[in-house]
Protein chains: 2
Amino acid sequence: MKIATWNVNSLNVRLPHTLRWLQENQPDILALQELKLDQDKFPETEFTRIGYHAAWNGQKTYNGVAILSRQPLEQVTIDIPELNEPQKRIIAASINDIRIICAYCVNGEAVGSEKFAYKERWFAALNAYMRSELAQHPKTILLGDFNIAPHDIDVYDPKKWQDKVLCSPQERSWFQQLLQLGLTDSLHHLYPDSAHYTWWDYRMNMFKRKLGLRIDHILLSQSLLPALREVQVDSTARGWERPSDHAPVMATLA
Amino acid sequence: MKIATWNVNSLNVRLPHTLRWLQENQPDILALQELKLDQDKFPETEFTRIGYHAAWNGQKTYNGVAILSRQPLEQVTIDIPELNEPQKRIIAASINDIRIICAYCVNGEAVGSEKFAYKERWFAALNAYMRSELAQHPKTILLGDFNIAPHDIDVYDPKKWQDKVLCSPQERSWFQQLLQLGLTDSLHHLYPDSAHYTWWDYRMNMFKRKLGLRIDHILLSQSLLPALREVQVDSTARGWERPSDHAPVMATLA
DNA sequence: GTGTGTGTAG
DNA sequence: CTACACACAC
């Protein structure tokens, strides 16, 4: 089974990219973030036409997440119940016996900012939410844009990024607290010592210069970990015309 | 000699269109309107590279005019001297013994509006300016976007446009007052009874539906009129990708 | 509808 | 650098 995540940074702009990527990579499941389109603007038929079911949690301009799946989506839920907020960052669904949670985590702007304080509260809520999901569903996958680079190996210039947003010790501890619930960072698990970036800033030719961060992740619950075979970042999609600033990440399970 | 006019509606966006049109049509002179770029942003080398001299009167965001010519441009002047205004709507130059005045005339928004009153004042100033130019230069060509459809034949639906801006009796009288200085509307002179549109609103598929207006004109002084051979509107350029809403108009002189 | 500027967000 | 909203012009 192939399961992937991609922050498309506007599905309006990136619909052709998404369709092309699905056709070329044939994942069973694709989690999308930053749709940036309203609930009634989701191009469902474009995906059903090529054999994917879809569930989405849309919002105009900002955020917005979706799950595409070859198999039907069941028990679809949106948002974190405890967290009363208008931002559409979470959608969850069960596909066969696997619980999929697609997340677009808060960016946080800068360490110490108001948005950073919100990021902390948001990750605390995500942690509680995942504790509950894991209790209900032994086979759980949490994937999406975490806006956290968990280790220095995930950063092209760790010194420059030290204590900066996406890389700060606080954020990394929030990420570790998720793992402590019984989740495993699949790419890090397979390749703990190699650099794999998933996001390159649009500015200053960061992609051409291969200067990126790994902030998109696929986290597996313990019962799924033995099935893990491969995790790959498809950076070719970052090189397409008018690309997203993120590349898709795909895990293969036996 | 071939002399043309084109309102490109942003030379930033339409530079490729302009270069392509020059290559394909090889005019001796091309007058451009609505450059929408600042004086220091004009892409001069792009034109010199393909054999055209250029003079321009640039303005950020709005207006802006230029003259391109295979022969050198002399006695270049900008604006209407009498009219103290910041809008860059006029550039004039002498090419051999012909005086070329490129004009982007005021639109006027709606009959009776403040901008319409400005349009009246502006055309009065243009009239005085042209009287002076014609007195100095027997061979004179005034061309550009006049924002006036001189006759009902120049309008796809004269009833609908009756008394509307671009077609009102007042505006048509301002146009006629220009002709009374000794200028001839070259296209109307050759084809007084046929419809030739030069502008189609971007909205409502007006170009596909062939619903346009003739508001871009090439006016010749009396001494040039005997040399007039042909005037053509190149509406194919309006059908290109990401087109200007205006088509180029080209006159051929013996 | 298309363009431009400004502001916000990433 | 890219995307979006809004405002304005045509």
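Every chain is numbered from 1 and lettered A, B, ... according to where its sequence line falls, protein lines coming before strand lines. Worth knowing before you read on, the calculation uses all heavy atoms, side chains too, and leaves out hydrogens, waters and symmetry mates.
Aromatic ring orientation, A:W6 versus A:W21: tilted (interplanar angle from 30° to 60°).
Close to D:dA3, at under 4.0 Å from its OP1 or OP2, lies no side-chain N or O of A:S10. Distances shown here put a side-chain N or O of A:R14 below 4.0 Å from the OP1 or OP2 atom of D:dA3.
Closest approach to the A:R242 side chain among D:dA5, D:dA3, C:dG3 is made by D:dA3 (side chain taken as heavy atoms from C-beta onward). Of the candidate nucleotides C:dG5, C:dG3, C:dG10, C:dG3 has the atom lying nearest to any side-chain atom of B:N9. Taking the side chain of B:K36 as heavy atoms from C-beta on, and the options C:dT4, C:dT2, D:dC10, the nearest nucleotide is C:dT4. Of the candidate nucleotides D:dA9, C:dG10, D:dC4, C:dG10 has the atom lying nearest to any side-chain atom of A:Y104. Distances from the side chain of A:Y202 to the nucleotides C:dA9, D:dA9, D:dC1 place D:dC1 closest. Set against D:dC10, C:dG5, D:dC4, the side chain of B:N107 has D:dC10 as its closest nucleotide. The side chain of A:R203 approaches D:dC1 more closely than any other nucleotide in the set D:dC1, D:dC10, D:dA5.
One atom, CG of B:N147, and another, C1' of D:dA9, lie 12 Å apart when rounded to the nearest Å. For B:W122 and D:dC10, the CH2 to C1' distance is 16 Å, given to the nearest whole Å. What separates CG of B:N7 from C1' of D:dA9 is a distance of 13 Å, to the nearest Å. Between B:Q59 atom CD and C:dT4 atom P there is a gap of 14 Å when expressed in whole angstrom units. Separating the CD atom of B:E34 from the C1' atom of C:dT4 is a distance of 11 Å, rounded to the nearest angstrom. Taking atom NE2 on A:H17 and atom C1' on D:dA3, their separation rounds to 13 Å, with Å as the unit. The interatomic distance linking B:K119 (NZ) with D:dA9 (P) rounds to 16 Å, in whole Å. Distance B:L11 CG to C:dT2 C1': 16 Å, rounded to the nearest Å.
Looking at A:N205, its side chain never comes within 3.5 Å of a backbone N or O of A:K208 through a donor-acceptor pair.
Residues A:V249 and A:V231 are in side-chain contact: their nearest non-hydrogen atoms beyond the backbone lie under 4.5 Å apart. Between B:Q87 and B:W122 the shortest side-chain heavy-atom distance does not fall below 4.5 Å.
Geometrically, B:R214 does not engage B:W199 in a cation-pi contact defined by less than 6.0 Å to the ring centre and at most 45° from the axis.
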